[in-house]
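First the structure, in the form of structure tokens, and then the observations on it.
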Amino acid sequence: MLNEKVEKALNTQIELEQFSSQLYLAMASWAEKNGYNGTANFLYEHSDEERSHMLKLFHYVNDRGSHAVVPSSEKPNHEYESVQKVFEEIYNHEKMISEKINDLVGICYEEKDFTTTNFLQWYVQEQIEEENLFSTVLDKLNLLGGDKARLYMFDNEMEKLVTAGTEGVTE
Ligand code: OFO
């Protein structure tokens, strides 16, 4: 059984992963409504990935004899100024998630729960990949400088990332 502090911290992370999933779903909806179908499909897929991150933690908590709690869902923002603003927000969100994962690892380490520390290494690695992915996407968008024709090409490229599966998109 997990100690109370670790259980509470893992349930907080479950909430954050669930919120990430909801946030990317709202962004996907905005992109679809605004004609960015490639970006929308990429974000729908990413929303599913975040749910899988949430479930991985969820099962871990229960497998360790503790109690995973279904998070209440905070309503994410549904309106965005541009595709660029969407990806800026995602990048900042992922940087925040990385900090939270690091804090979580810190708690497990202090509590001498080395099994959970070990389990969380997957998330540490995942965050490196996610930050890299979104910083690359943002760099590309910055290069476009608001050019509509190039934005159309960018959107097609996002569609290719979806059909390429998890390769280059991260798990
Ligand atoms: Fe976007 O990453 Fe989950 O953990």
Side-chain angles (χ1 to χ4, degrees), residues 2 6-32 36 38-64 66 68-78 80 83-109 113 115-141 154 157-171:
L2 297 164
V6 170
E7 180 180 357
K8 192 164 176 254
L10 287 169
N11 271 314
T12 301
Q13 191 61 36
I14 285 173
E15 249 178 69
L16 285 167
E17 300 293 341
Q18 177 65 15
F19 181 72
S20 302
S21 176
Q22 300 285 89
L23 178 64
Y24 299 161
L25 190 59
M27 288 169 164
S29 178
W30 174 86
E32 194 167 38
Y36 302 113
T39 301
N41 287 339
F42 170 84
L43 290 169
Y44 280 127
E45 185 176 83
H46 218 77
S47 168
D48 284 348
E49 282 178 22
E50 296 298 348
R51 181 174 155 80
S52 78
H53 297 173
M54 184 276 286
L55 281 174
K56 194 179 172 91
L57 284 162
F58 203 89
H59 290 306
Y60 177 80
V61 170
N62 279 349
D63 287 350
R64 292 291 308 276
S66 293
V69 178
V70 176
S72 60
S73 50
E74 186 189 328
K75 195 172 178 184
N77 183 19
H78 277 76
Y80 297 90
V83 173
Q84 180 145 359
K85 291 284 176 205
V86 165
F87 282 99
E88 273 171 18
E89 186 167 333
I90 296 178
Y91 183 50
N92 290 331
H93 182 77
E94 289 298 336
K95 284 197 288 187
M96 180 275 287
I97 295 288
S98 299
E99 279 173 26
K100 298 290 182 188
I101 294 284
N102 288 340
D103 292 347
L104 183 54
V105 171
I107 291 170
C108 295
Y109 202 79
D113 183 342
T115 309
T116 306
T117 307
N118 211 26
F119 165 78
L120 290 171
Q121 289 315 302
W122 184 88
Y123 287 86
V124 172
Q125 188 57 38
E126 176 68 13
Q127 283 313 117
I128 295 173
E129 288 171 21
E130 299 249 297
E131 281 194 35
N132 272 342
L133 168 67
F134 290 113
S135 132
T136 307
V137 171
L138 208 46
D139 283 348
K140 279 190 187 181
L141 277 167
F154 166 88
E157 266 188 53
M158 295 310 282
E159 182 72 57
K160 279 188 214 135
L161 275 182
V162 179
T163 42
T166 53
E167 294 265 314
V169 184
T170 78
E171 206 177 330

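Counting convention: from 1, in listed order, for ligands and their atoms alike.
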### Query
Is the shortest N/O to N/O distance between Gln127 and ligand 1 below 3.5 Å?
yes

### Message
If I consider every N, O or S atom in His53, which one ends up closest to atom 3 (Fe) of ligand 1? I only need its name.
### Response
ND1

### CA sep, side-chain torsions, deciding dist, call: Arg51, Leu55, side chain to side chain contact (heavy atoms under 4.5 Å, CB included)
CA-CA 6 Å; Arg51 181 174 155 80; Leu55 281 174; 4.0 Å; yes

#### Entry: Metal site atom 3 (Fe) of ligand 1: N/O/S of Glu17 inside 2.8 Å
yes

### Task
Kindly indicate, with the supporting measurements, whether the criterion side chain to side chain contact (heavy atoms under 4.5 Å, CB included) is fulfilled by Leu43 and Ile90.
CA-CA 10 Å; Leu43 290 169; Ile90 296 178; 3.5 Å; yes

#### Entry: Met54 to ligand 1, any heavy atom closer than 4.0 Å
no

### Task
Identify whether the distance between the nearest side-chain nitrogen and carboxylate oxygen of Lys56 and Glu17 falls below 4.0 Å.
no

### Query
Should the pair His46 and Tyr24 be assigned to parallel (<30°), tilted (30 to 60°) or perpendicular (>60°) ring geometry?
tilted

### Task
Can you see which heavy atom on Phe87 is nearest to which on Met158, and at what distance?
CZ-CE, 3.7 Å

### Task
Could you check which N/O/S atom of Glu130 is closest to atom 1 (Fe) of ligand 1?
OE1

### Expected output: side-chain Gln121 to main-chain Thr117 donor-acceptor under 3.5 Å
yes

### Message
One thing to verify: whether Lys160 and Glu157 come together as a salt bridge, which I'm taking to mean a side-chain N less than 4.0 angstrom from a carboxylate O.
### Response
no

### Message
Under 3.5 Å between any N/O of Glu126 and any N/O of ligand 1: does that happen in this structure?
### Response
no

### Query
Is the distance from atom 1 (Fe) of ligand 1 to the nearest N/O/S atom of Glu49 under 2.8 Å?
no

### Summary
For Glu50, the N, O or S atom at the shortest distance from atom 3 (Fe) of ligand 1 is OE1

#### Entry: atom 1 (Fe) of ligand 1 reached by Glu94 (N, O or S, under 2.8 Å)
yes

